[in-house]
Amino acid sequence: MLKIALIGRPNVGKSTLFNKLIGRQAAIVHDTPGVTRDRNYAQMKLAQQYNITLIDTAGFEEGTSDDLAQRMNKISEAAVDEADAVFFVVDGSVGITSLDEGLAHILQRSNKPVYVLVNKADKKAMQEHIYEVYGLGFDNIIEVAAEHNIGLAEVKNISVSLAKKAIEEKSLSEEDLEEEDQPLRMAIVGRPNAGKSTLINQLLKSDRMLTGPEAGLTRESISTMWQYDGKEIELIDTAGLRKKAKINEKIEKTGASISIKAIDRAHVVVLLLDATQPFEQQDRVIASKVAEEGRALVIALNKWDLIPEEEKEEVMKDVDHLLEHSFSQVKGVPVVRFSALSGKNIHKLMPKVFAIHEKWQTKISTSHLNRFLEGMLEAHQPPFKKGRRLKFKYMTQVANRPPTFAIWVNLPEEVPSSYIRYLQNGLREAFDLEGVVMRLVMRGGQNPYEGKKK
């Protein structure tokens with residue numbers, strides 16, 4: 001897999017360029033410097049089937065004593081070290097600043113292929129500053145306007161050329177650049193400062209994510225590719241989801257929106273709760289959102305080592321109450337307790353994730369389902385409606401991820417919710433579907449699968 005880092009000072013358009021090249025909004029775009037604070041990974045899928053990872057980074061701020069800015073710089077420097085090549089983004093409408101010049105010296109010392117992307121090339125002022133760009137000493141200079149898709153085709157062609165060159169030099173195998181099997185996508189969500197980025201750093205055994213005491217450091221959905229026990233995983237760290245009344249900044253509203261989209265993209269969602277704080281309505285809202293989107297859920301209690309022994313039972317009662325009243329459509333959601341900071345019991349998380357992911361993908365043959373349905377009908381006869389007994393004719397699985405089943409019945413609109421719950425509970429018990437969202441729909445009319453039973 002080829003990795004290309006987007007590097008530049010704050011507010012030159014790196015995140016806009018990143019979103020355009022990957023074809024979706026994965027990074028927040030705003031005219032406030034420093035919106036991107038971590039490095040964000042995404043695949044640039046090209047027609048040639050090359051798998052190229054693009055890395056968006058925090059804006060580099062040279063010579064600052066600010067602790068947060070220094071941590072951002074450290075993450076950007078790590079991205080350059082990790083990358084196979086660099087796209088150095090400058091603002092053509094402003095010209096070259098002393099910070100651009102300092103960053104150019106750093107990149108020249110990296111011995112990585114560097115391509116200077118002169119953004120905002122559609123601005124008239126750019127022509128006045130283009131010679132300053134050539135004065136940086138780089139040979140490869142491309143004029144782009146990310147907001148209007150100008151020059152992006154050339155940037156993609158360069159990316160393909162870099163991939164081909166890597167193959168020729170045997171630095172990457174052809175297998176590394178082919179389309180890979182879809183990894184398990186695991187999103188970590190929760191309220192601000194619950195420890196989401198600390199958890200990812202602990203899992204990766206590196207300072208991959210920006211962490212600190214400031215709430216809201218993560219404002220985007222940050223993706224990281226990771227291998228665990230031989231399995232490919234895309235880890236997604238998200239902005240902390242606050243109550244709507246507390247979301248005032250446009251940036252934070254955008255971050256919350258991207259977090260919700262991350263839930264939609266995920267296979268498994270880890271809802272991280274701070275065990276030292278009372279559970280809030282927002283935790284219930286997140287759990288309900290996961291169920292609504294049909295994603296698998298794991299509840300993770302962080303900072304468990306800070307809970308006194310005599311209080312742990314009460315905390316678990318609160319969790320049970322949360323699941324019973326706010327996530328009642330799913331029974332048996334897995335719960336794991338650990339300390340992300342110390343790493344204690346962190347090893348218990350991934351087995352829970354893999355187990356629930358396996359259930360989420362469950363496929364059950366139609367023959368097994370109809371035998372199940374016959375048994376349930378014999379054990380508890382359907383009620384009468386409108387003077388007629390409900391007649392259940394046929395059952396099949398119509399989708400998985402999450403498991404979704406359809407039953408053909410003579411009066412689908414009249415099936416009581418209590419009888420549907422009876423069938424759902426039976427399905428969970430018979431086919432080990434505890435802990436995952438499961439959908440059961442009633443359908444009328446002729447059975448479309450007649451003669452096609454599996």
Side-chain angles (χ1 to χ4, degrees), residues 1-8 13-24 26-27 36-60 72-89 103 106-117 138 140 142 144 146 152 154-183 185 200-201 203-210 220-228 232-237:
M1 182 183 293
L2 187 77
K3 295 181 180 178
I4 302 174
L6 286 170
I7 299 293
K14 296 186 300 300
S15 293
T16 301
L17 186 60
F18 180 78
N19 289 338
K20 294 285 187 178
L21 291 174
I22 68 171
R24 61 183 174 85
T36 299
R37 291 172 168 178
D38 298 287
R39 61 188 193 270
N40 194 1
Y41 294 61
Q43 302 304 305
M44 195 162 63
K45 305 287 187 180
L46 303 176
Q48 292 86 349
Q49 298 302 308
Y50 291 112
N51 194 348
I52 300 171
T53 296
L54 200 61
I55 310 173
D56 188 23
T57 63
F60 201 95
M72 290 163 63
N73 287 356
K74 183 179 178 181
I75 286 172
S76 295
E77 289 172 342
V80 174
D81 292 339
E82 179 185 4
D84 301 295
V86 175
F87 287 159
F88 178 21
V89 186
L103 188 49
I106 292 173
L107 294 177
Q108 284 163 346
R109 293 196 300 269
S110 72
N111 293 321
K112 301 286 177 74
V114 176
Y115 293 79
V116 181
L117 307 187
F138 294 102
N140 303 305
I142 302 96
V144 301
L152 299 192
E154 185 177 355
V155 174
K156 291 179 180 180
N157 288 336
I158 289 169
S159 302
V160 171
S161 297
L162 288 167
K164 288 180 176 179
K165 185 178 180 182
I167 292 174
E168 291 169 1
E169 294 177 352
K170 305 296 183 182
S171 59
L172 293 173
S173 68
E174 293 191 36
E175 289 79 11
D176 286 331
L177 293 170
E178 290 175 354
E179 194 74 23
E180 298 175 347
D181 291 335
Q182 189 181 54
R185 290 198 294 270
I200 287 188
N201 286 341
L203 291 172
L204 298 177
K205 302 301 180 187
S206 70
D207 292 332
R208 163 63 185 83
M209 298 296 179
L210 180 63
E220 305 160 295
S221 290
I222 311 296
S223 294
T224 302
M225 300 310 296
W226 177 48
Q227 275 210 342
Y228 181 91
E232 193 76 14
I233 299 166
E234 180 182 350
L235 279 174
I236 308 170
D237 182 25

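The CD1 atom of Ile22 sits 8.5 Å away from the CG atom of Asp56 when rounded to the nearest 0.5 Å. In this structure, the separation between CD1 on Ile158 and CD1 on Ile4 is 9.0 Å, given to the nearest 0.5 Å. Between Gln227 atom CD and Glu232 atom CD the span is 5.0 Å, to the nearest 0.5 Å. If you take CZ on Phe88 and CG on Asn140, they are separated by 13.5 Å, rounding to the nearest 0.5 Å. The CZ atom of Arg109 sits 10.5 Å away from the CG atom of Asn111 when rounded to the nearest 0.5 Å.
For Ser161, the side chain to side chain contact (heavy atoms under 4.5 Å, CB included) test picks out no residue, with sequence neighbours left out. For Ala83, the side chain to side chain contact (heavy atoms under 4.5 Å, CB included) partners at least two apart in sequence or on another chain are Ala5.
In this structure, the side chains of Tyr115 and Leu162 come closer than 4.5 Å at one or more pairs of heavy atoms. Between Leu17 and Leu152, the closest side-chain pair of non-hydrogen atoms falls below 4.5 Å. Side-chain contact check for Leu235 versus Leu204: some heavy-atom pair is nearer than 4.5 Å. With a 4.5 Å cut-off on side-chain heavy atoms, Val114 and Gln108 do not count as touching.
When all heavy atoms of Val160 and Ile52 are compared, the closest pair comes out as N-CD1, 4.3 Å. Across all non-hydrogen atoms, the minimal contact from Thr16 to Ala146 is CG2-CB, 3.9 Å. The minimum heavy-atom distance between Phe18 and Leu54, with the atom names listed, is CE1-O, 3.4 Å. Residues Ile7 and Lys14 come closest through the heavy atom pair C-CD, 3.6 Å. For the pair Ile142 and Val155, the tightest heavy-atom approach, listed with the atom from each and the gap, is CG2-CG2, 4.5 Å. The two atoms that bring Pro113 and Asp84 nearest to each other are CD-O, 3.2 Å, heavy atoms only.
Side chain of Lys112 to main chain of Asp81: a donor-acceptor pair is present (N/O by atom type, distance under 3.5 Å, no hydrogens or angles).
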